[in-house]
Asks: 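Questions regarding the structure given below will be posed in turn.
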There are 2 protein chains.
Amino acid sequence: MDIRTLCLGLLTFGEATGYEIKKAFQDRMSMVYDASFSSIYPSLNRLTKEGLVSCRAESQSRRPDRKVYSITPAGREEFLKEIHNAPAADKFRSDFLATLMFSHLLQPGNVSRLIDNQIMDYRQKKDELSQGCGMKQSQSEQFLCGFGVTMYQAAIEYLEQNRHLIEAPAPVRAPAKQSVK
Amino acid sequence: MDIRTLCLGLLTFGEATGYEIKKAFQDRMSMVYDASFSSIYPSLNRLTKEGLVSCRAESQSRRPDRKVYSITPAGREEFLKEIHNAPAADKFRSDFLATLMFSHLLQPGNVSRLIDNQIMDYRQKKDELSQGCGMKQSQSEQFLCGFGVTMYQAAIEYLEQNRHLIEAPAPVRAPAKQSVK
DNA sequence: CGGAACATGTAATACGTTACATGATTAA
DNA sequence: TTAATCATGTAACGTATTACATGTTCCG
């Protein structure tokens with residue numbers, strides 16, 4: 001789902017400015033998506049051109065016009081259609097895990113440090129998410145939040161329980177010439 | 001980590017053609033990264049220009065030259081440097097979860113179907129990964145594989161145990177006018 | 001006085017994908 | 001005979017990011 005569609009979706013919760021949508025991304029979607037102003041503002045302009053949102057400009061003194069966007073019936077319909085499509089598969093990218101694929105090139109101490117840091121990272125993100133969870137109003141938000149917390153917890157436990165596998169590599173008896181295949 | 005760097009990394013396991021690197025991506029890295037020929041071939045050409053890999057062409061009859069790439073000392077050094085950098089944070093994108101954020105726009109039956117499908121999906125991916133796990137030779141590969149299996153399992157359990165939260169939304173007493181904020 | 005929050009936008013750039021182009025060999 | 005595997009590449013396109021551009025207001 002692209003930023004444009006997600007902006008449209010966020011507007012189903014009520015009208016908002018680009019600035020507020022950015023905050024909504026951070027507050028409610030940061031677990032699964034994020035967006036910068038440079039993708040939000042053009043998206044909003046495009047949605048307006050397409051007639052999927054309408055825009056009311058409030059002029060402010062010494063500041064850019066505050067542009068308040070609302071979803072139109074056409075926009076609502078479009079978004080409804082979108083969320084009835086089968087969702088694309090989850091995508092997970094991890095430089096941490098990718099690096100561990102090459103742990104044969106690192107010294108044991110470095111592998112340990114890498115894992116330590118990653119655990120601390122996961123812990124912190126989990127805590128941040130947990131804290132936010134309580135403040136969420138809707139069930140969906142709490143559900144998502146809980147999902148994130150669960151995932152982080154599982155990752156932490158896996159790392160703690162299995163790190164020895166790559167920290168103390170079992171000596172290979174007959175080190176065959178390796179190949180990519 | 002970009003495809004170019006990952007190609008360089010895969011070549012630390014031994015020489016390979018672009019075609020074989022594509023397979024390596026699928027076999028060993030699919031959990032955390034994937035790449036198409038259209039990003040691999042240009043990467044390899046660029047790495048060659050940069051002197052980080054060398055290329056030996058084997059001419060074949062009625063088929064494009066088989067180009068076998070090897071990492072050079074400079075390439076090895078470059079990659080070493082790369083994996084000693086602090087890894088970028090994990091990225092997780094989920095259209096499924098994003099869709100659930102908008103479950104207030106879906107009928108209960110659709111929410112249930114969505115979750116059912118997602119669980120089946122996760123189960124299948126977990127099984128595929130589990131199967132592959134046994135065949136992996138190196139500890140790092142088994143470690144990564146195990147990580148993936150653990151994550152899928154955690155996701156499945158969370159969905160099964162918490163789906164009722166969004167399948168049967170508790171009736172709101174005084175439905176306040178919602179807002180994005 | 002400094003930094004966060006408010007407020008919107010463009011330009012240049014990076015990174016990757018799908019579609020296009022071409023074709024032989026081998027196993028089911 | 002049909003699909004998979006082998007084998008390499010370019011062109012067009014999409015999508016998002018970082019850097020640039022420009023301020024005011026409010027809180028500590």
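Lettering follows sequence order; numbering is per chain, from 1.
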Asks: In whole angstrom, what separates A:Glu20's CD from C:dA7's P?
Replies: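 In whole Å, C:dA7 P lies 7 Å from A:Glu20 CD.
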Asks: If you draw the axis of the six-membered ring of A:Phe37, does the NZ or CZ of A:Lys22 fall within 45° of it and under 6.0 Å from the ring centre?
Replies: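 The answer is yes, since A:Lys22 meets both limits relative to A:Phe37.
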Asks: Compare the minimum distances between each of D:dA16, C:dG16, D:dA7 and the side chain of B:Tyr41, then state the nucleotide with the smallest one.
Replies: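 Given the options D:dA16, C:dG16, D:dA7, the side chain of B:Tyr41 is closest to D:dA7.
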Asks: To the side chain of A:Ser38, which of D:dT17, D:dT5, C:dA7 is closest?
Replies: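 Looking only at heavy atoms from C-beta outward on A:Ser38, the closest nucleotide is D:dT17.
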Asks: Is A:Ser39 near enough to D:dT17 that one of its side-chain N or O atoms lies under 4.0 angstrom from OP1 or OP2?
Replies: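 Looking at the OP1 and OP2 atoms of D:dT17, one of them is under 4.0 Å from a side-chain N or O of A:Ser39.
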Asks: Check whether any side-chain nitrogen or oxygen of A:Lys23 sits under 4.0 Å from OP1 or OP2 of C:dC6, and answer yes or no.
Replies: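 Checking A:Lys23 against C:dC6: at least one side-chain N or O falls below 4.0 Å of OP1 or OP2.
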Asks: Of the options D:dT8, C:dT18, C:dT8, whose atoms approach the side-chain atoms of A:Pro64 most closely?
Replies: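 Nearest listed nucleotide: C:dT8.
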Asks: CD of B:Glu58 versus P of D:dA7: gap in Å, rounded?
Replies: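 So the CD-P distance, B:Glu58 to D:dA7, works out to 9 Å.
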Asks: Under the criterion side chain to side chain contact (heavy atoms under 4.5 Å, CB included), which of A:Ile119, A:Leu100, A:Ile166 is the partner of A:Leu114?
Replies: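 Exactly one option meets the side chain to side chain contact (heavy atoms under 4.5 Å, CB included) with A:Leu114, and it is A:Leu100.
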Asks: Below 30° counts as parallel, above 60° as perpendicular, anything between as tilted: where do the rings of B:Tyr122 and B:Phe96 land?
Replies: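 Perpendicular: the ring planes of B:Tyr122 and B:Phe96 meet at over 60°.
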Asks: Nearest-Å distance, CG (B:Asn45) to C1' (D:dG9)?
Replies: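 Computing the B:Asn45:CG to D:dG9:C1' distance gives 8 Å.
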Asks: Taking only side-chain N and O atoms of B:Lys67, does any of them lie within less than 4.0 angstrom of OP1 or OP2 on D:dG9?
Replies: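 B:Lys67 to D:dG9 OP1/OP2: side-chain N or O found under 4.0 Å.
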Asks: Take atom CE of B:Met1 and atom C1' of C:dG16, then tell me their distance rounded to the nearest Å.
Replies: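 Distance check: B:Met1 CE to C:dG16 C1' gives 17 Å.
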Asks: Starting at CG of B:Asp65 and ending at P of D:dT8, how long is that distance when rounded to a whole Å?
Replies: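 Atom-to-atom, B:Asp65 to D:dT8, this comes out as 9 Å.
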Asks: Determine whether the aromatic ring centres of B:Phe143 and A:Tyr158 lie less than 6.0 Å apart.
Replies: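 Ring centroids of B:Phe143 and A:Tyr158 are less than 6.0 Å from each other.
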Asks: With nearest nucleotide decided by heavy atoms, which residue, B:Pro42 or A:Arg46, maps closer to the 5′ end of DNA chain D?
Replies: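 Nearest-nucleotide comparison on DNA chain D picks B:Pro42.
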Asks: Counting only side-chain N and O atoms of A:Ser36, is one of them less than 4.0 Å from OP1 or OP2 of D:dT18?
Replies: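 No, because none of the side-chain N or O atoms of A:Ser36 sits under 4.0 Å from OP1 or OP2 of D:dT18.
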Asks: Let me check something: do A:Val68 and A:Ile40 share a hydrophobic cluster, defined by ILVMFWY side-chain heavy atoms less than 4.5 Å apart, either directly or through other members?
Replies: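 Result: no, two separate clusters.
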Asks: Provide, to the nearest angstrom, the distance between the CG atom belonging to A:Leu44 and the P atom belonging to C:dT8.
Replies: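 Going from A:Leu44 (CG) to C:dT8 (P), I get 9 Å.
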Asks: Using whole Å, what does the distance between atom P of nucleotide C:dT25 and atom CZ of B:Arg66 come to?
Replies: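 Going from B:Arg66 (CZ) to C:dT25 (P), I get 16 Å.
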Asks: Would one find a side-chain N or O of A:Gln60 under 4.0 angstrom from OP1 or OP2 of C:dA7?
Replies: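 For A:Gln60, the contact criterion (side-chain N or O under 4.0 Å from OP1 or OP2 of C:dA7) is met.
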Asks: Could you tell me how far apart B:Lys91 (NZ) and C:dC15 (P) are, to the nearest whole angstrom?
Replies: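 The answer, rounded to whole Å, is 11 Å.
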